[in-house]
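These notes are about the structure you will find just below.
Here, residue 1 is the first one in the sequence, and each next residue gets the next number. Both ligands and their constituent atoms are indexed starting at 1 by order of listing.
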Amino acid sequence: MDVIVARNRAELAEARRALGAHGGISRSTAELALVPTMGALHEGHRSLMRLARERADHVVVSVFVNPLQFGPAEDFSRYPRTFDADLAVCAAEGVSVVFAPSADDMYLPDRQVGVSAGRMGTIAEGAFRPGHLDGVLTVVLKLFNLVRPDVAVFGRKDAQQLAMIRRMVADLDVPVAVVGGPTVREADGLALSSRNRYLSGDDRRAALSLSRALFAGAGRRTPAEIRRAAREVLDGEPAVSLDYLVLVDPATFEEAGDDHEGEAILAVAAKVGSTRLIDNVTVTL
Ligand code: AMP
């Protein structure tokens with residue numbers, strides 16, 4: 001079956017009905033999976049589509065550059081938009097529906113109510129991008145309500161976003177199973193990102209210090225050693241302007257104390273030239 005393109009909520013509803021008509025959607029088993037994206041699709045997104053296909057008969061990929069999650073000085077207008085290529089990727093991955101609404105179709109002009117990310121929305125990524133996680137949760141909840149998936153798949157590359165979505169689903173009793181997929185990297189360690197295409201030769205080389213720092217930290221044993229080893233790598237790369245390097249509890253994103261046991265996330269955010277990048281690894285203490 002060809003991939004169905006739904007450009008607005010009415011077309012999405014029609015596409016859902018069409019999947020049902022092909023015997024896809026019954027309520028008895030988990031059969032519809034959603035992979036939310038902002039497009040400019042790469043191998044990281046593709047890995048999530050494959051995870052989604054393993055868990056459901058039909059996969060819906062949303063392609064929506066969500067204005068609500070960009071700050072006024074951020075890259076909303078220059079965020080890469082490559083819809084034709086994205087559609088080809090989705091078709092190659094056996095996606096059933098690509099939902100690509102306009103901002104006007106997603107948001108009422110007098111929109112008032114949104115999701116508040118709470119405390120977790122104000123720390124780490126939230127401290128540097130005020131309102132960002134509120135905007136993410138608001139669009140994700142809307143996508144859940146429009147698509148009504150049984151399963152939704154997100155990348156661990158955006159670890160705080162994934163933790164926040166799990167929190168929202170728990171706090172608001174959202175009827176969807178959240179699945180996290182591993183971070184896909186280039187052979188040299190750089191985490192794939194739609195923003196990597198902004199990186200010129202020198203910036204691309206400097207950007208590698210993010211993953212190098214995380215891997216250096218992940219080889220150490222105590223929180224202090226982990227933080228120090230990662231920091232040393234970043235300090236040695238003057239082209240990297242650090243926003244934060246944190247070692248945090250995976251569920252709350254609160255700083256891991258010296259007595260922290262079990263998994264922790266070592267997360268970094270930095271600007272390389274004008275491109276802001278984030279990355280993280282999981283360490284076990
Ligand atoms: P984005 O289009 O950047 O908003 O990302 C859409 C989804 O893809 C999110 O769940 C991201 O966490 C995930 N994602 C982005 N980059 C990667 C990557 N390198 N590996 C795995 N998942 C990723």
Please determine whether a side-chain nitrogen of the Lys or Arg among [X] and [Y] lies less than 4.0 Å from a carboxylate oxygen of the Asp or Glu.
X      : Y      : value
Lys271 : Asp203 : no
Arg205 : Glu237 : yes
Glu43  : Arg185 : no
Arg55  : Asp150 : no

Closest candidate by heavy atom, reference [atom], pool [options]:
atom                    : options                      : answer
atom 6 (C) of ligand 1  : Gly39, Ala152, Gly155, Pro36 : Pro36
atom 21 (C) of ligand 1 : Gly181, Ala191, Pro182       : Pro182
atom 15 (C) of ligand 1 : Arg46, Arg195, His42, Glu186 : His42

Would you mind listing which atoms of ligand 1 come within a distance below 4.0 Å of any non-hydrogen atom of [X]?
X      : result
Thr37  : 2 (O), 6 (C)
Gly44  : 18 (C), 20 (N), 21 (C), 22 (N)
Leu48  : 7 (C), 8 (O), 10 (O), 13 (C)
Phe154 : 10 (O)
Leu192 : 16 (N), 17 (C), 18 (C), 19 (N)

Taking the six-membered ring for Trp, are Tyr244 and Phe128 parallel (under 30°), tilted (30 to 60°) or perpendicular (over 60°)? tilted
Checking a contact table here: which protein heavy atom is nearest [atom], and how many Å away?
atom                    : value
atom 3 (O) of ligand 1  : Tyr79 OH, 3.9 Å
atom 20 (N) of ligand 1 : Val184 N, 2.9 Å
atom 4 (O) of ligand 1  : Met38 CG, 3.5 Å
atom 5 (O) of ligand 1  : His45 NE2, 3.5 Å
atom 23 (C) of ligand 1 : Lys157 CB, 4.0 Å
atom 12 (O) of ligand 1 : Asp158 OD1, 2.6 Å

Cationic tip of [X] within the cone over [Y]'s six-membered ring, i.e. under 6.0 Å and within 45° of the normal?
X      : Y      : result
Arg166 : Phe154 : no
Arg111 : Tyr107 : yes
Arg81  : Phe76  : yes
Arg220 : Phe215 : no

So for ligand 1, is Ser47 a polar contact partner (N or O within less than 3.5 Å, distance only)? no
Donor-acceptor pair, Ser194 side chain versus Ala40 backbone, under 3.5 Å? yes
If you measure from each non-hydrogen atom of Arg156 to ligand 1, which part falls under 4.0 Å: side chain, backbone, both or neither?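 It is neither part, as no heavy atom is under 4.0 Å.
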